[in-house]
Amino acid sequence: MAKLKDLAQMEDRLVAGHGMCLGCGIPLIFKIILRATEDPLIIANATGCLEVCTTIFPRTAWNVSWIHSAFENAASTIAGVEAMYKALKNKGKIPADKKIKFLGVGGDGGTYDIGLQALSGAVERGHEFVYVCYDNNVYANTGGQRSSATPLGASATTAPSGSKSPGKIQGRKDLAQIMVAHKIPYVAQASPHRWQDLYNKAKKAFEAVGPAFLNVLCLCPTEWKYDESKGIKLAQLAADTCVWPLYEVENGRYKINYKPKQKKPVLEWLESQGRFRHLFKEENAWIIEKIQQDVDRDWEWLTRLAEISSRP
Amino acid sequence: MKKETWTELAIGALNLQAGNSVSNLTGTWRSGRKPEFIEDNCIQCFFCWLYCPHFAVRVEEGKVTGFNYDYCTGCGLCAEECPTKEKAIVMVKEETKIIEEGKK
Amino acid sequence: MKAVKILNGNQTIAEAARQINPDVVAAYPITPSTAIVETIAQFKADGMISSEFVCPESEHSAMSVCIGAAAAGGRVMTATSSQGLALMWEMLYIAAGLRLPVVAAIVNRALSAPINIHGDHSDTMGARDSGWIQIYSENCQEAYDNFIQAFRIGEHLDVRTPVLVGLDGFIISHSAEPVLIEDDREVRSFIGEFKPVFPLLDTSRKITVGPIDFTDYYFEHKRSQIEGIENSPRVIEEVGREYGQKFGRFYGFFEEYRMDDAETAIVVMSSAAGTGKDAIDELRSEGLRIGLLKPRVFRPFPHEKIAEALKKIKAVAVLDRASSPGAFGAPLFTEIRSALYDYGQRPKIVNYVYGLGGRDINVEHFKEVAAKLQKIAETGKVEEMLGYLNLRE
C-alpha cells in the first residue's frame, strides 16, 4: 500500500507555478495519478483548463514529456505517439526493454463532447494508453458553458437558469458506461477525496494490457460556486449522495469501491453549490425530485451490475 | 524575463525548459488569508501536501515542515482537511502581500 | 531492381510508400484515395512494410495521429482527398505550426456541396494558407517522383515543414499508365535515415510541445514557422537536382513547354497540363507561337521565377481548377498576376476556371483559350478577364 509520505517525496511531474484557480481540483488529481507509474511517461493534453494553465509560454509546469495539439484529439494524438513508439521498437530504434507509458488527458468538454469520437476510435483500436477525464461538469476554461457532463438543473452560461428555465434540462451523459461498452480492460470512476482509491485505479490503468479509462470527479470552485476550502468535503458528499459513485470495471466485472453507510439525499449536494441555487425556487421543485430519482435509479443499476459481477 | 526574438525561439514552438513555471509565484494572488503551520499539532498525515493545488506545502526529509508562501494562494483546503483535533494548520489574516514577482 | 510497371496513381503512391517504409502511416479511406490506404494496409498484412499502420475513425484523427507520431520522432505519412482534407484542416495548421514534417498524398477531389467525387483542386487550394508545402503532379510518374522527394524536402533540417503532393482524382488516381519504379534500395538511400529533433520519445528530455502563446509570443512563433517554408525553395531545387542526377528525371518549380519564342502562354497545373501540351503541339503546327507553363510547386509560390518566365509574353491565360468565390480571380491567377505587378514589361493576363467536379477539359478547350489569347495579343485589349471553360452558359 502506498503511503502519502512516500508519494510526497517522489519528483513532481506537474510543478508549482501553474495558473489554475484557488482550490482547483485538477492538480490534486494529477498529483496522485502521475505518481502511479514510475515508468517514463508521455502525456497528450486536450485544450482546456489544465493545458492552458500549465503551458503559458515561455513557462511550463510540466516536468514530463507533454504534447497538446487541439481540443478534440488528445486520444488520437497520444495514439500517434504510441504508434511511433511501437514502430521504432519494432525497427530496433528504441531498446526492447525501454518501457514508456502513454497518457491522454482532457476535461469533460474535451472528452464527453468534442473529443468523444477520437477517444472511442483510439480505444477501439487498442492503443496502449490510459485516458483520464477530469470531469468538472462544465467548460470551466472558457467561463462555464454547458457540457454533456453538466448535470440536470445546473446553471451554465449556455444553459442558464432564468425565469423560464431551471438551468440545464438534460441529465449527464454516462461516459464511464460508454467506455465500458468498448470492452476495454479497465474503466473506473474515482474522486480526489479518496486518494488511495484514485492511486490504485491509476496504477491498475497504467498496468492494464490495452486501453484504460479513468473518469475523475474534479472540483471546480469557480464554476460550482462554493467556498474553495470546502472542495474535499464536497467530493465526499458527491460519493455519499451517490451523485458520483466510485467504482471500477475490470475486464467487464463491476466493483463498487465505496458504498455510503447511509445514502445522503441529493438535496445536500445541491444546497452546497451556487450553480444549483435556483432549484430551490418553488417552481423548480420537480427538478430536485427528478435528480433524486435519477441518482437512485443509476445507483440501483450499478449495485445490480456489481452483484451480477460478483457471481462466480 | 527578457522576451526572445523570433530567431531565438526553439523551432516548432517547443518549450525546452521543463518545469520552469516555478518562476511564476502564485503566492502573489493571495489576498486576506494564509495558512499557518503549528508543528506541535502535526501528525504528519500529509493531507495538506495532498490537497494543496499549488504545491505550496514544504516537505523536507520526509516531513511536512510548513508552507512555501511563494506559491500558496490561500485557498484554505489544507486547513480544512487538517484532521487533528487541535489543528496543525490554521488560516490567519494577512494584511499585505509580501511577494512580488521578479523580486525573488 | 528498377522496373516499368503499369500502375494507377493510387497504386503508384502506395508503391512509393512501400519503398519508403515510413515509421507510421495513419490514414482514413475516402474516394478517390481509398486504394492508397487499402494497398498500404495490404502491404502491412503481407509483411512487406514494417510501418505501424493506423486506420483511425476520421481524417481529423488521422492527422492527429500523424502529429502525435511525428512529434514522437519518426517518419510519418497519410493520404486523403476532398472532405477528408477539409476535416483535417484544423490539424493541418497545427502540423505546420509545430514544424512536423508529415507527408500527405492528396488525391485532389471537389469539395461539397453538391457532393462530387471527381477531381478538382478545391480541396488543396482551401489549404493553401495552412503552412504546408504543396507540390502538384501531372501524371503517375510525377506523383511517384514528387512523393519521394517530399520526404527529403519536408524533413530537411532547415525546412521541417509538412508537405502535400497533389494528384488529380480519377484522372490520375484511377488511370493506369507505365511508371518507372526505381530500385527499393536506391529509393531508400535517396530518402536516408530520419533525423528526429527533440522527439517526445526521448523521455530524458522532458519537452513541452504545443504550449499556449498570448500576444507576447504568438507572432514570433508564427514568424519562426514561416522561416521553414521560406527556406524550402533552395531545398526543393537541391532535391530536384539530386533526384535527377540519381534517377534521370529532374524537377524544378515549374515546367516550361515550348515557351522559348512564345508570344502567348497558358498556365495550368496537374493532369490538364498533359492535355494542354497536346493542344500546344497542334497549335504550334498551325503556326501559333504559344507555350505552356505548368507550375509544380504552388507553396512556396515561386513568384519571381514564374514572373521572369512570363514577363515577355504578350498574353497569358491562367487556368484554375478551383474557384475562389468573391475573390479577384482564382488562386493560381491571383498569385501570378500579383507576381507580375512589379515588372514594367508584363503580359495581359486572363483567368479561366475549368474542370470543377471533374468536368472534362480537352484539346478544343485549350484551343478556345489560345484563340482568345491570340486576339488579346493582337489588339492589346482584354474583354473578359475572368471566365469559365466548358461551362453551359
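Heavy atoms only: backbone and side chains are in, while hydrogens, waters and symmetry mates are out. Each chain gets a letter, A, B and so on, in the order its sequence line appears, and its residues count up from 1.
Residues T55(A) and P211(C) come closest through the heavy atom pair O-CB, 3.3 Å. Taking each heavy atom of D213(C) and F57(A) in turn, the nearest pair found is OD1-CB, 3.0 Å. Considering every non-hydrogen atom in both A79(A) and V65(C), the closest pair reads CB-CG2, 4.4 Å. When all heavy atoms of P56(C) and R125(A) are compared, the pair lying nearest together is CA-NH1, 3.2 Å. Across every non-hydrogen atom of A70(A) and E90(C), the tightest pair is CB-OE2, 3.8 Å.
Rounding to the nearest 0.5 angstrom, the gap separating the NZ atom in K91(A) from the CZ atom in F194(C) is 11.0 Å. With rounding to the nearest 0.5 Å, the separation of OG in S76(A) from CD in E57(C) is 6.0 Å. Note that the CE atom of M91(C) and the OG atom of S69(A) stand 3.5 Å from one another [nearest 0.5 Å].
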Practice problem: Run the numbers on H60(C) and N73(A) for side chain to side chain contact (heavy atoms under 4.5 Å, CB included), then give the verdict. | Solution: CA-CA 8 Å; H60(C) 192 284; N73(A) 64 352; 4.1 Å; yes
Self-check item: Candidate pair L41(A) and T203(C), rule side chain to side chain contact (heavy atoms under 4.5 Å, CB included), full reasoning
Solution: CA-CA 7 Å; L41(A) 183 65; T203(C) 48; over 6 Å; no
Quiz item: Between H68(A) and T208(C), is a side chain to side chain contact (heavy atoms under 4.5 Å, CB included) present by the stated rule, with each step listed?
Solution: CA-CA 8 Å; H68(A) 159 257; T208(C) 293; over 6 Å; no
Quiz prompt | E52(C)/E82(A) under side chain to side chain contact (heavy atoms under 4.5 Å, CB included): CA gap, chis, key distance, verdict | solution = CA-CA 10 Å; E52(C) 271 303 305; E82(A) 184 255 15; over 6 Å; no
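In the displayed structure, K99(A) atom NZ is contacted under 6.0 Å by at most 12 heavy atoms of other residues, nucleotides or ligands. Within a 6.0 Å radius of NZ in K183(A), other residues, nucleotides and ligands contribute 12 heavy atoms or fewer. Environment of NZ in K195(C): sparse, with no more than 12 heavy atoms of neighbouring residues, nucleotides or ligands closer than 6.0 Å.
Among the candidates T47(A), N90(A), N63(A), I94(A), the residue making the largest number of heavy-atom pairs closer than 4.5 Å to chain C is N63(A). Of the listed residues (C55(C), P199(C), A71(C), C66(C)), the greatest number of heavy-atom pairs within a distance under 4.5 Å of chain A belongs to C55(C). The greatest number of non-hydrogen atom pairs below 4.5 Å with chain C, out of E124(A), Q117(A), K86(A), K98(A), is found for Q117(A). When each of N21(C), I94(C), D23(C) is checked for heavy-atom pairs under 4.5 Å with chain A, D23(C) comes out on top.
With a 4.5 angstrom heavy-atom cutoff, E193(C) touches chain A only via side-chain atoms. V64(A) touches chain C through its backbone: at least one of N, CA, C or O sits under 4.5 Å from a heavy atom, while the side chain does not. When heavy atoms are compared at a cutoff of 4.5 Å, A44(A) does not approach chain C at all. Both the backbone and the side chain of I56(A) come within less than 4.5 Å of a heavy atom in chain C.
When each of V76(C), L200(C), V54(C) is checked for a side-chain contact (heavy atoms from CB on, under 4.5 Å) with M84(A), only V76(C) meets the rule.
A salt bridge links K206(C) with E11(A); the closest basic N to acidic carboxylate O contact falls under 4.0 Å.
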